[in-house]
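These notes concern the structure reproduced below.
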Amino acid sequence: MAVTHLLVHGAWHGSWCWDKVVAELPGHDVRTVDLPSAGNPAAGLTEDARVVRDAVAAIDGPVVVTAHSYGGVVASRALAGLANVRHIVYLCSFVLDNGDSLVGAAGGAPLPWWIMREDGLIDVKDPVDIFFHDLPDAVAVASVADLAPQSYRAFTEQQTETAWRTIPTTYLVATEDHAIPVGAQRAMAARCGRKFELASSHSPFLSHPDYVASLLREIEGTV
């Protein structure tokens with residue numbers, strides 16, 4: 001039976017960020033989701049995980065889930081116990097243990113590049129540098145325009161499921177990442193079955209979509 005790829009974006013982003021990867025996978029069943037915590041202060045990890053879990057439940061057949069950044073927290077929670085999920089790809093992503101939260105993993109306080117708003121949302125200081133520094137200027141500017149403020153609540157909820165313990169995993173470390181330090185990525189990658197490294201910003205789906213797509217094709221052939 002054909003494998004379906006489900007792509008889960010990270011904080012501040014949306015399904016739009018996967019367009020270049022999808023274009024590199026013609027003939028493959030590739031689906032995306034939009035997480036409600038991007039733009040909605042009332043939505044958090046619980047609501048995001050429900051969206052991903054429902055998306056997987058709607059797929060009849062094996063699934064490979066690729067999760068970027070905060071999306072890794074969502075995937076770890078959402079995918080636990082789902083028999084048709086055959087592999088999780090953590091793309092410069094958070095691989096947290098039970099009881100951890102993204103804020104906790106970041107040191108217990110908002111990061112210097114987070115702009116905390118009174119409405120419970122977070123904006124990003126200098127998003128080109130944080131997310132898109134290795135992209136052409138026009139692409140970086142267009143990508144910044146597509147970002148949404150992120151729910152702070154999503155970053156404070158604790159990890160309650162760890163699908164990475166029971167489902168085969170691959171981690172892609174982005175060595176030029178300005179959002180998640182490479183040392184932290186390597187530490188989280190140690191929890192995964194395989195690890196690859198790529199000289200990329202925090203957005204390899206935009207700077208190296210061909211590489212990301214080739215990795216997904218290779219994983220698809222193993223499930």
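- L147 and W16 get closest at one heavy-atom pair: CD2-CZ2, 3.9 Å.
- You'll find the side chain of L79 reaches within 4.5 Å of the side chain of I88, heavy atoms only.
- Panel note: side chain R153, backbone A42; a donor-acceptor pair is recorded below 3.5 Å.
- At least one side-chain heavy atom of T175 sits less than 4.5 Å from a side-chain heavy atom of R186.
- Counting only residues at least two apart or in different chains, side-chain hydrogen bond (donor to acceptor under 3.5 Å, both in side chains) contacts with residues 83-108 comprise S76-Y90, H87-T170, D97-R165.
- One hydrophobic cluster holds both V124 and M116 under the rule that ILVMFWY side chains link at heavy-atom gaps under 4.5 Å.
- One finds no salt bridge joining E24 and K20 here, because no Lys/Arg side-chain nitrogen approaches an Asp/Glu carboxylate oxygen to under 4.0 Å.
- No side-chain donor-acceptor contact under 3.5 Å links D177 to the backbone of V182.
- Surrounding CG of D119 are more than 12 heavy atoms belonging to other residues, nucleotides or ligands, all under 6.0 Å away.
- Residue L7 holds its CG atom at 7.0 Å from CG of L216, rounded to the nearest 0.5 Å.
- To the nearest 0.5 Å, atom SG of residue C17 and atom NE2 of residue H9 are 7.0 Å apart.
- Ring-plane geometry between F131 and W113 is classed as perpendicular, the angle between the planes exceeding 60 degrees on a 0 to 90 degree scale with a lower cut at 30.
- Between atom OG1 of residue T66 and atom CD1 of residue I219 there is a gap of 6.5 Å, rounded to the nearest 0.5 Å.
- Between T162 and R191, the side chains place no donor N or O within less than 3.5 Å of an acceptor N or O (distance only, hydrogens not considered).
- Going from atom OG1 of T156 over to atom CG of L102 covers 10.0 Å, rounded to the nearest 0.5 Å.
- Here the shortest heavy-atom pairing between S143 and L206 reads OG-CD1, 3.6 Å.
- Between A23 and P26, the closest heavy-atom pair is O-CD, 3.6 Å.
- Grouping the Ile, Leu, Val, Met, Phe, Trp and Tyr side chains by contacts below 4.5 angstrom, directly or via other members, places I115 apart from Y70.
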Begin from the C-alpha positions of D48 and E157 and carry the test side-chain contact (heavy atoms from CB on, under 4.5 Å) through to its verdict. CA-CA 11 Å; D48 290 344; E157 288 189 64; over 6 Å; no
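- The pair K125-D123 does not meet the salt-bridge criterion, since no charged nitrogen lies less than 4.0 angstrom from a carboxylate oxygen.
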Could you go through S37 and E47, starting from their C-alpha distance and side-chain angles, then the distance that decides it, and tell me whether this counts as side chain to side chain donor-acceptor pair (under 3.5 Å)? CA-CA 8 Å; S37 68; E47 290 77 16; over 6 Å; no
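- V223 and V63 fall within the same hydrophobic cluster, where Ile, Leu, Val, Met, Phe, Trp and Tyr residues are linked whenever their side-chain heavy atoms come under 4.5 Å apart, directly or through other members.
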Carefully, step by step, assess E197 and Q185 under the rule side-chain contact (heavy atoms from CB on, under 4.5 Å). CA-CA 10 Å; E197 299 201 355; Q185 289 185 53; over 6 Å; no
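- At least one donor-acceptor pair closer than 3.5 Å links the side chain of T169 to the backbone N or O of G193.
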Dump the intermediate steps for side-chain contact (heavy atoms from CB on, under 4.5 Å) on Q150 and L121, then the final yes or no. CA-CA 5 Å; Q150 175 63 33; L121 293 168; 5.9 Å; no
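- Contact of the V3 side chain with the D29 side chain is not registered, since no non-hydrogen atoms from C-beta on lie closer than 4.5 Å.
- Using cut-offs of 30° and 60° on the angle between ring planes, the pair F155 and W114 is tilted.
- A donor-acceptor distance shorter than 3.5 angstrom exists from the side chain of H68 to the backbone of H202, with no hydrogens or angles considered.
- Between L6 and T32 the shortest side-chain heavy-atom distance does not fall below 4.5 Å.
- Nearest approach of V173 to A189, heavy atoms of both residues: CG2-CB, 4.2 Å.
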Under the criterion side chain to side chain donor-acceptor pair (under 3.5 Å), I'd like the reasoning laid out for S151 against N40: C-alpha separation, chi angles, the key distance, then a yes or no. CA-CA 6 Å; S151 166; N40 181 1; over 6 Å; no
Carefully, step by step, assess F205 and H13 under the rule side-chain contact (heavy atoms from CB on, under 4.5 Å). CA-CA 12 Å; F205 42 81; H13 290 68; 4.1 Å; yes
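- To the nearest 0.5 Å, the span separating SG on C92 from CD1 on I180 amounts to 6.0 Å.
- Aromatic pair H178/H133: ring centres closer than 6.0 Å.
- V95 has its side chain within reach of C192: a pair of non-hydrogen atoms, C-beta onward, lies under 4.5 Å apart.
- Contact detail for R77 and Q158: the closest heavy-atom pair is NH1-O, 4.3 Å.
- E161 places no side-chain N or O within 3.5 Å of a backbone atom of A163 that could act as its donor or acceptor partner.
- L25 contributes atom CG, which lies 11.0 Å from atom CG of D210 (distance to the nearest 0.5 angstrom).
- A 4.5 Å side-chain heavy-atom check between P110 and Y152 finds at least one atom pair inside the cut-off.
- Smallest separation of non-hydrogen atoms from S200 and S203: OG-C, 4.2 Å.
- Counting only distance, with no hydrogens or angles, the side chain of W12 and the backbone of G39 share no donor-acceptor pair below 3.5 Å.
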Indicate every side-chain donor-acceptor pair of residues 52-61 with a distance under 3.5 Å to a residue at least two apart or in another chain.
from: R53; atom 1: NH1; to: A78; atom 2: O; distance (Å): 2.6
from: R53; atom 1: NH1; to: A80; atom 2: O; distance (Å): 3.0
from: R53; atom 1: NH2; to: A80; atom 2: O; distance (Å): 3.4

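- In this view, H208 satisfies the ring-ring contact (aromatic ring centres under 6.0 Å, His included) rule with no residue, not counting sequence neighbours.
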